[in-house]
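So the structure is just underneath, and the comments pick up after that.
Below, all heavy atoms of this structure are taken into account, side chains as well, without hydrogens, waters or symmetry copies. All values reported here derive from a predicted model rather than from experimental measurement.
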Amino acid sequence: MFSNTLSPRFLETDALGHINNTVFPMWFEASRDPLFKIFSPQMDINNWPLILAGFNLSFHAETHYGADVQIKTFISRIGNSSFDIYQQCWQQGIKTASGTSTMVHFCHQKKRSVVLTAALIEELQGHLMPPQ
């Protein structure tokens with residue numbers, strides 16, 4: 001698992017006074033950086049080995065301005081050339097949002113997926129979500 005803490009910004013609030021629903025995909029993507037570094041330690045966007053195939057997001061409770069947010073990031077599935085990242089947003093001990101993103105190991109020059117190497121799989125397995 002990877003974990004990082006964010007401080008919600010005032011500009012991320014909406015008219016109802018809580019964090020806007022459009023903010024969570026950005027928080028979750030920013031929190032995937034440690035996983036991205038497994039595939040590209042230098043974060044080289046000119047030789048990027050991944051694409052986002054899809055994501056879903058669920059809301060469990062309101063998230064508010066004025067209190068830090070912890071983002072927990074796990075690997076929930078490892079396939080041949082893709083893997084799922086499950087993320088949770090926690091504020092003051094309450095899970096407020098969760099989501100799953102599917103990433104594909106991808107060659108942009110050939111425009112096709114690439115099989116995950118044994119070394120990549122082993123690294124990803126070190127971040128598997130514990131059984132629930």
Point-to-point distance, once rounded to the nearest 0.5 Å, from [atom1] of [X] to [atom2] of [Y]:
X      : Y      : atom1 : atom2 : answer
Asn56  : Thr100 : CG    : OG1   : 5.0 Å
Ile85  : Ser101 : CD1   : OG    : 6.0 Å
His127 : Phe74  : NE2   : CZ    : 11.5 Å
Ile94  : Cys89  : CD1   : SG    : 11.0 Å
Leu6   : Ile71  : CG    : CD1   : 5.0 Å
Leu35  : Leu50  : CG    : CG    : 9.0 Å

query: More than 12 heavy atoms of other residues, nucleotides or ligands under 6.0 Å from NZ of Lys95: is that the case?
result: yes

query: Would the number of heavy atoms belonging to other residues, nucleotides or ligands and lying under 6.0 Å from CD of Glu122 be above 12?
result: no

Side chain to side chain contact (heavy atoms under 4.5 Å, CB included) with [X]: which residues, sequence neighbours excluded?
X     : result
Asp68 : Thr5, Ser7
Leu16 : Asp14, His18
Ser81 : Ser113
Asn21 : Phe59

Between [X] and [Y], is there shared hydrophobic-cluster membership here, with clusters defined by ILVMFWY side-chain heavy atoms closer than 4.5 Å?
X      : Y      : value
Met129 : Met1   : yes
Ile19  : Leu57  : yes
Ile38  : Phe106 : no
Leu124 : Val104 : no
Ile75  : Phe2   : yes

Could you verify whether a donor N or O on one side chain and an acceptor N or O on the other, from [X] and [Y], lie under 3.5 Å apart?
X     : Y     : answer
Trp27 : Glu12 : yes
Ser3  : Gln70 : yes
Gln91 : Thr63 : no

field: Ile78 and Leu120: CA distance, side-chain angles, deciding distance, side chain to side chain contact (heavy atoms under 4.5 Å, CB included) verdict
entry: CA-CA 10 Å; Ile78 302 172; Leu120 288 171; over 6 Å; no

field: Closest non-hydrogen atom pair, Phe55 against Pro25
entry: CE1-CG, 4.2 Å

- prompt: Which heavy atom of His64 sits nearest a heavy atom of Pro8, and at what distance?
  reply: O-CG, 3.8 Å

Considering only heavy atoms from C-beta outward, does the side chain of [X] approach that of [Y] to under 4.5 Å?
X      : Y      : answer
Ser98  : Gln87  : no
Pro34  : Thr73  : no
Val115 : His105 : no
Glu62  : Thr96  : no

message: Test side chain to side chain contact (heavy atoms under 4.5 Å, CB included) on Arg9 and Tyr65; report intermediate values, then the result.
response: CA-CA 7 Å; Arg9 301 174 298 175; Tyr65 173 76; 5.5 Å; no

task: Could you list the residues that satisfy salt bridge (Lys or Arg N to Asp or Glu O under 4.0 Å) with Glu29, not counting sequence neighbours?
output: Arg32

- prompt: Between Ser40 (side chain) and Lys37 (backbone), is there a donor-acceptor pair under 3.5 Å?
  reply: no

- prompt: Is the side chain of Lys110 donor-acceptor paired with the backbone N or O of Cys107 at a distance under 3.5 Å, no angle test?
  reply: no

- request: Could you give me the CA-CA distance, side-chain angles and deciding distance for Ser76 and Asp84, then say whether side chain to side chain donor-acceptor pair (under 3.5 Å) is met?
  value: CA-CA 5 Å; Ser76 59; Asp84 289 347; 4.6 Å; no

- prompt: Among pairs that include at least one residue of residues 78-102, which meet ring pair (Phe, Tyr, Trp, His ring centres under 6.0 Å), considering only residues two or more places apart or in two chains?
  reply: Phe39-Phe83

